[in-house]
Student: 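This structure is in structure tokens; I'll ask about it shortly.
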Amino acid sequence: MKKAIIWFRKDLRLSDNPALTQACEENNEIIPIYIYEENIPNAWMIGEASKWWLHYSLQSLCDNFDSFGIKLVLKKGNPLTILQSLLHETQANAVYWNRRYEPYSILNDAKIKQTLYKQGVKCNSYNGSLLIEPWEILTQKKTYFKVFTRFWNQSLKVLDIPNDLPIPELKKKNTAANLLSDNLNDWNLLPKHPNWAREFKKNWNPGEFNAQKKLMHFIENHLENYSKERDFPGCRGTSALSPHLASGEISPRQIWNAIKNYNITKKSKLLIESSNKYLAEIGWREFSYNLLYHFPKLPSDPFSDRFQSFPWKKNESFLKAWQKGLTGYPIVDAGMRQLWHIGWMHNRVRMIVASFLTKDLLINWTEGTKWFWDTLVDADLASNSASWQWVAGCGADAAPYFRIFNPVLQSQKFDPEGTYIRQWIPELTKLPTKYIHAPWETPEEILKESNIQLGINYPYPIIDHYEAKTKALDSFNRSVRNSSI
Ligand code: FAD
């Protein structure tokens, strides 16, 4: 009788799950497990908002397994110790998992593989979360790509995406029924007092089947206009699939195939253009993993050496104002409040707030990375680190440092009616559109009519953008000069 453990990690789904499918094909019985790890030095432990997501995502995975009469075993602690004890208890002789690419996971998985191998247990690992493994796309000189377009063009040349895998036959694989499992509620993944995640539930439905539903809804209703609407935070122009992807409730391969199949039936030029744009965004996710894999210090060290001694400023009160959405720049504040309230922020606004933190306030991008890590439901080490470095100007293929977003112009361009700002900053609801992007320029009587007292119920700008821009350029020029001496 062949028995195997399937170790779930960032692949909380039954369909298109290579480790699960393979384990089911090769074994008579399976034991699915999720292990919650805590307090690991030098690893990026799961942030608070992602814990919220994890709770509901695991609940959903438990229910899905349950509907096939299978129990998902939940355990908290050291994975190697837990796997060893479960192998012993069940007499299973193999472990299956889908690969992870964070530096800590790579080291830990290798250690687990080696140790279990010596004990006669085979560990089988698969690619369950990327279209292409980071070591598969290399330049002619066998180095990794540092420029997105080249990386993606090369990927498109060699990508051969197979059909995604259906949910495997699970009915007769019941094994774990008598095993002890933790109670999910005892892990305390949900916030208690204060419950800062009150609005999360209204905005998100974690779980594999909800992810699939959302994908199809997006494809049928929004994909065609994606390239026109994706930059406007006031409309629902993007898929909001990122937390589902980050937890592995859906795979990029499922997204790829669903879009390609839909396109075949429609054949519209705009749809094809938008689909390519959308898939290129999935490509940015792949590129971020490529960077993290080949440059594991991506979350902490600037990719570009020129930034090694950049004179970042420490300023607690600026950092707090940014985190709380009280900078006095409405588009920045709206973004930061959206993040706090629903654990997610529109991509265009992520770029604006990141530029503001690093270039206007001259605060180290790593502070932004940490805050996003804790507050995003889609927190993803590769995408978060690569994107922060990209905006700060120190990343691979980064926006040049001298391109400093003007928060007022960005706001006028991408939120022209102030829809997004009004949604997240109720204090400014009544302000006429003409002034909503820069309330400090509003005549006194209009401020009064709009119930706004600057400095009392909405702040004055904490910094003057033009002065900040001059300072930032000066710091950059000096830093570059010093690094090339
Ligand atoms: P869509 O526009 O619908 O895109 C589809 C998918 O493509 C996304 O779900 C995501 O998986 C991927 N994607 C889109 N844009 C990017 C990008 N620039 N880089 C990498 N992948 C991308 N994304 C995360 O998933 N986790 C993060 O922690 C994260 N941190 C970020 C931090 C900063 C400072 C910035 C500027 C961007 C960050 N992103 C991050 C990328 C991007 O903002 C989000 O993926 C996107 O906003 C998610 O919304 P969506 O699913 O509607 O995207």
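Read the numbers this way: they start at 1 and go in the same order the structure lists the ligands and their atoms.
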Student: Which one holds for Ala379 and ligand 1: side chain close, backbone close, both close, or neither close, with close meaning a heavy atom under 4.0 Å?
Tutor: backbone
Student: Could you check atom 35 (C) of ligand 1 against the protein and tell me its nearest heavy-atom contact, residue, atom and distance included?
Tutor: Ser387 CB, 3.2 Å
Student: Using heavy-atom distances only, which candidate in Leu223, Asn384, Leu245 approaches atom 11 (O) of ligand 1 most closely?
Tutor: Leu245
Student: Mind listing the closest non-hydrogen atom pair of Pro426 and Arg337 along with its distance?
Tutor: CD-NH1, 4.4 Å
Student: When you look for heavy atoms under 4.0 Å from ligand 1, do you find them on the side chain of Trp373, its backbone, both, or neither?
Tutor: neither
Student: Quick check: Phe65 with Phe8 (ring centres under 6.0 Å apart)?
Tutor: yes
Student: What's the shortest heavy-atom distance between Leu215 and Gln254, and which atoms?
Tutor: CD2-O, 4.1 Å
Student: Would Phe310 and Tyr401 satisfy ring pair (Phe, Tyr, Trp, His ring centres under 6.0 Å), going step by step from the backbone distance to the final call?
Tutor: CA-CA 12 Å; Phe310 189 82; Tyr401 192 88; 5.5 Å; yes
Student: Which atoms of ligand 1 are found less than 4.0 Å from any heavy atom of Tyr226?
Tutor: 1 (P), 2 (O), 4 (O)
Student: Looking at every heavy atom in both Pro206 and Asn210, which two are closest together, and how far apart are they?
Tutor: O-ND2, 3.1 Å
Student: Taking 4.0 angstrom as the limit and counting only heavy atoms of Trp388, give me the atoms of ligand 1 inside it, by number and element.
Tutor: 32 (C), 34 (C)
Student: Counting from 1, what ligand 1 atoms have a heavy atom of Asp380 closer than 4.0 Å?
Tutor: 26 (N), 27 (C), 28 (O)
Student: Does even one non-hydrogen atom of Trp344 get within less than 4.0 Å of ligand 1?
Tutor: yes
Student: With heavy-atom distances below 4.0 Å as the criterion, list the atoms of ligand 1 near Ile282.
Tutor: 6 (C), 7 (O)
Student: With heavy atoms under 4.0 Å as the rule, classify the contact between Tyr278 and ligand 1 as side chain, backbone, both or neither.
Tutor: side chain
Student: Check Ser274, Ser268, Ser275 against Glu224 for a side-chain hydrogen bond (donor to acceptor under 3.5 Å, both in side chains) and give me the one that passes.
Tutor: Ser268
Student: Which atoms of ligand 1 have any heavy atom of Ser242 under 4.0 Å away?
Tutor: 9 (O), 25 (O), 48 (C), 49 (O), 51 (O)
Student: Between Thr358, Asn347, Thr369, Asp378, flag the one that comes closest to atom 47 (O) of ligand 1 by a heavy atom.
Tutor: Asn347
Student: What atoms in ligand 1 come closer than 4.0 Å to a heavy atom of Leu241?
Tutor: 9 (O), 51 (O)
Student: Inspect the contact between Asp109 and Arg9 and indicate whether a charged nitrogen and a carboxylate oxygen are less than 4.0 angstrom apart.
Tutor: yes
Student: Which of the numbered atoms in ligand 1 are below 4.0 angstrom from a heavy atom of Arg285?
Tutor: 11 (O), 20 (C), 21 (N)
Student: In the protein, what heavy atom is nearest to atom 23 (N) of ligand 1, and what distance, to one decimal place, separates them?
Tutor: Ser383 CB, 3.7 Å
Student: Distance to 0.1 Å, residue and atom name: give those for the protein heavy atom nearest to atom 39 (N) of ligand 1.
Tutor: Arg350 NH1, 3.5 Å
Student: Which residue holds the protein heavy atom closest to atom 17 (C) of ligand 1, what is that atom called, and what is the gap in Å?
Tutor: Trp284 CB, 3.8 Å
Student: How long is the straight-line distance from NZ of Lys320 back to CG of Leu326, given to the nearest 0.5 Å?
Tutor: 12.0 Å
Student: Using ring centroids (six-membered ring only for Trp), state whether Tyr329 and Trp440 fall under 6.0 Å.
Tutor: yes
Student: To which protein heavy atom is atom 3 (O) of ligand 1 closest, and what is the distance rounded to 0.1 Å?
Tutor: Ser239 OG, 2.6 Å
Student: Which label fits Phe148 and Phe287: parallel for a plane angle under 30°, tilted from 30 to 60°, or perpendicular past 60°?
Tutor: perpendicular
Student: Quick check on contacts: which atoms of ligand 1 are under 4.0 angstrom from a heavy atom of Met351?
Tutor: 36 (C)
Student: Return the residue, atom name and 0.1 Å-rounded distance of the protein heavy atom closest to atom 16 (C) of ligand 1.
Tutor: Glu281 OE1, 3.8 Å
Student: Please say whether Ala240 places an N or O atom under 3.5 Å from an N or O atom belonging to ligand 1.
Tutor: yes
Student: Taking the ring centre of each residue, are Phe200 and Tyr56 less than 6.0 Å apart?
Tutor: no
Student: Checking the side chain of Ser355 only, and the main-chain atoms of Met351 only, is there a donor and an acceptor separated by less than 3.5 Å?
Tutor: no
Student: Check whether Glu208 reaches the backbone of Ser15 with its side chain - one donor and one acceptor, N or O, closer than 3.5 Å.
Tutor: yes
